[in-house]
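Let me begin by presenting the structure, written as structure tokens, before commenting on it.
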Amino acid sequence: MTNTLSLEDRFQQRIDNEEKIEAKDWMPDGYRKTLIRQISQHAHSEIVGMLPEGNWITRAPSLKRKLALLAKVQDEAGHGLYLYSAAETLGAGRDELLHQLHTGKAKYSSIFNYPTLTWADIGAVGWLVDGAAIMNQVALCRASYGPYARAMVRICKEESFHQRQGYDILLTMMKGTDAQKKMVQDAVNRWWWPSLMMFGPSDIDSPNSAESMKWKIKRLSNDELRQRFVDMSVPQAEILGVTFPDPELKYNEVTGHYQFGVIDWEEFWRVVNGNGPCNEERLAARVQAHEEGAWVRDAALAYAEKQKQRNSSQVA
Ligand code: BYC
């Protein structure tokens, strides 16, 4: 029997059969474009995500806390690099992606446009922001595109350490003075809603979801992941002894889930569109770091050229 399936149908069949798609396989343009969009936004998020925490490395309260925070921030740089590499396998040049970030054309996670005001914010970021990131990224370990899925496995292992170091910071502070406990509650109040926004718009307002689910890039919808995150976080907050700033948050016996209040989507879009509390500051810091790092890139290129010349003269 001759195979009369179109390239698109055969591709979808591979996806439905849970086969991984690899860099050199045929793929529809839309699949490639969606992956480049999502992976590059994810890479940018890791890189910009270093800034709110980097701000506290010199002010960490002990040597151990400083080491853990340094390691976490370095991990995030590593995640950005794996993800830019995964985007490169799809034909997206790193220079072009960085140009889009530096000129404000590329999106990155809304969450990194909020300030880290106290040491408790570093705990809240680890617990809630990394917690939300893991919830989303564990599902991405099963994404249909091989290079992305494989990068996610290692990233998730590291994120899990990040979340625990954040929770540990908060647990320690909650055993401290009243002022420290107040600081923790204040940080949780400020990070809770932005963490829920990390999962993206509600499913009915999520234009990319239908195709991404069909292509098994996304396995769970924005709302499903957000609900799982709320269900996971409430018992953790109880152990910690903090509350979430949502009077409507309560357990629903019928659904078996915690129901929560309405997310301020106006705030979300304001931040996504460049008008959050720290958008300008974050972009300026990235551009400055890129410019100041030019000599490193030049030196690496000069070294690579030297190696190439040496190797070719040895062959000759
Ligand atoms: N912020 O159709 P939708 C980390 C955009 S870093 C900004 O649902 P999609 C960490 C979305 O891009 C964690 N924009 O989109 C690092 C789309 O715009 P475009 C970052 C957002 O892609 C350092 C439009 O809204 N994680 O872990 O199907 C320290 C409509 O949305 C956001 C990832 O990047 C947002 N929050 O679903 C600590 C995970 N949400 O592109 C921790 C990978 C939505 O059409 N990404 N938008 O112009 C994803 O899983 C998906 O891209 C999303 C959105 C679930 C985020």
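Both counts, for ligands and for their atoms, begin at 1 and track the order of listing.
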If two hydrophobic side chains count as joined below 4.5 Å and joins carry through other members, does Y145 share a cluster with L97?
yes
Parallel, tilted or perpendicular for H79 and Y82, by the 30°/60° rule?
tilted
With a 4.0 Å cut-off on heavy atoms, is E159 in contact with ligand 1?
yes
Can you list the ligand 1 atoms lying under 4.0 Å from a non-hydrogen atom of P201?
8 (O), 30 (C), 31 (O), 44 (C)
Mind checking what makes ring-ring contact (aromatic ring centres under 6.0 Å, His included) contact with F161, not counting sequence neighbours?
none
Any idea which of S206, S212, A139, G166 brings a heavy atom closest to atom 8 (O) of ligand 1?
S206
Is any side-chain heavy atom of L51 less than 4.5 Å from a side-chain heavy atom of F112?
no
With respect to atom 55 (C) of ligand 1, which of F112, F268, F199 exhibits the smallest heavy-atom separation?
F199
Check whether any side-chain heavy atom of P28 lies under 4.5 Å from a side-chain heavy atom of F11, and answer yes or no.
yes
Does any N or O of ligand 1 fall below 3.5 Å from an N or O anywhere on K72, backbone included?
no
Which residue supplies the protein heavy atom nearest to atom 6 (S) of ligand 1, what is that atom called, and how far is it?
S45 CB, 3.6 Å
As an exercise, identify every atom of ligand 1 less than 4.0 angstrom from a heavy atom of D130.
38 (C), 42 (C)
State whether the shortest distance between N or O atoms of W269 and N or O atoms of ligand 1 falls below 3.5 angstrom.
no
D95 atom CG, neighbour heavy-atom count above 12 within 6.0 Å:
no
What residue and atom, counting heavy atoms only, is the protein's closest point to atom 54 (C) of ligand 1, and at what distance?
K218 NZ, 4.2 Å
Determine, considering heavy atoms only, which of L220, N222, N208 sits nearest to atom 17 (C) of ligand 1.
N208
Does ligand 1 have any atom that is closer than 4.0 Å to a heavy atom of V271?
no
Which protein non-hydrogen atom lies closest to atom 13 (C) of ligand 1, naming both residue and atom, and how far is it?
Q137 NE2, 3.8 Å
Contact between H290 and R297 at the side-chain level, heavy atoms closer than 4.5 Å - yes or no?
yes
Residue, atom and distance of the protein heavy atom nearest atom 19 (P) of ligand 1 read K107 NZ, 3.6 Å
Would you check if E211 and W215 make a side-chain contact, meaning some heavy-atom pair closer than 4.5 Å?
yes
Taking only residues two or more places apart in sequence, or in another chain, which ones meet R94 in a side-chain contact (heavy atoms from CB on, under 4.5 Å)?
L81, Y84, S85, E88, L98
Carboxylate-amine/guanidinium contact D29 K33, below 4.0 Å
no
Could you check whether any side-chain N or O of R14 sits under 3.5 Å from a backbone N or O of K20, counting only pairs where one atom can act as donor and the other as acceptor?
yes
As an exercise, identify every atom of ligand 1 less than 4.0 angstrom from a heavy atom of L140.
43 (C)
Atoms in ligand 1 with a heavy atom of Y148 nearer than 4.0 Å
43 (C)
One finds that the ligand 1 atoms under 4.0 Å from a non-hydrogen atom of Y108 are 1 (N), 7 (C)
Are N311 and Q307 linked by a side-chain donor-acceptor pair shorter than 3.5 Å?
no
Looking only at protein heavy atoms, which one is nearest to atom 56 (C) of ligand 1, and how far off is it?
M198 O, 4.1 Å
Note: M197, heavy atoms under 4.0 Å from ligand 1, region reported as backbone
Taking atom types as modelled and ignoring hydrogens, do the side chains of Q100 and E96 form a donor-acceptor contact shorter than 3.5 angstrom?
yes
Looking only at protein heavy atoms, which one is nearest to atom 29 (C) of ligand 1, and how far off is it?
E76 OE2, 2.9 Å
Among protein heavy atoms, which sits nearest to atom 40 (N) of ligand 1, and what does the distance come to when rounded to 0.1 Å?
G200 CA, 3.2 Å
Going by the closest heavy atom to atom 36 (N) of ligand 1, which one wins out of P52, G49, S110?
S110
Just to confirm my output: which protein heavy-atom neighbour is closest to atom 39 (C) of ligand 1, and how far is it?
N136 OD1, 3.2 Å
Is there a ring-ring contact (aromatic ring centres under 6.0 Å, His included) between W127 and F244? Walk through the geometry before answering.
CA-CA 13 Å; W127 174 36; F244 290 130; 5.8 Å; yes
Under 4.0 Å, heavy atoms only, figure out whether ligand 1 is touched by the backbone of Q38, its side chain, both or neither.
side chain
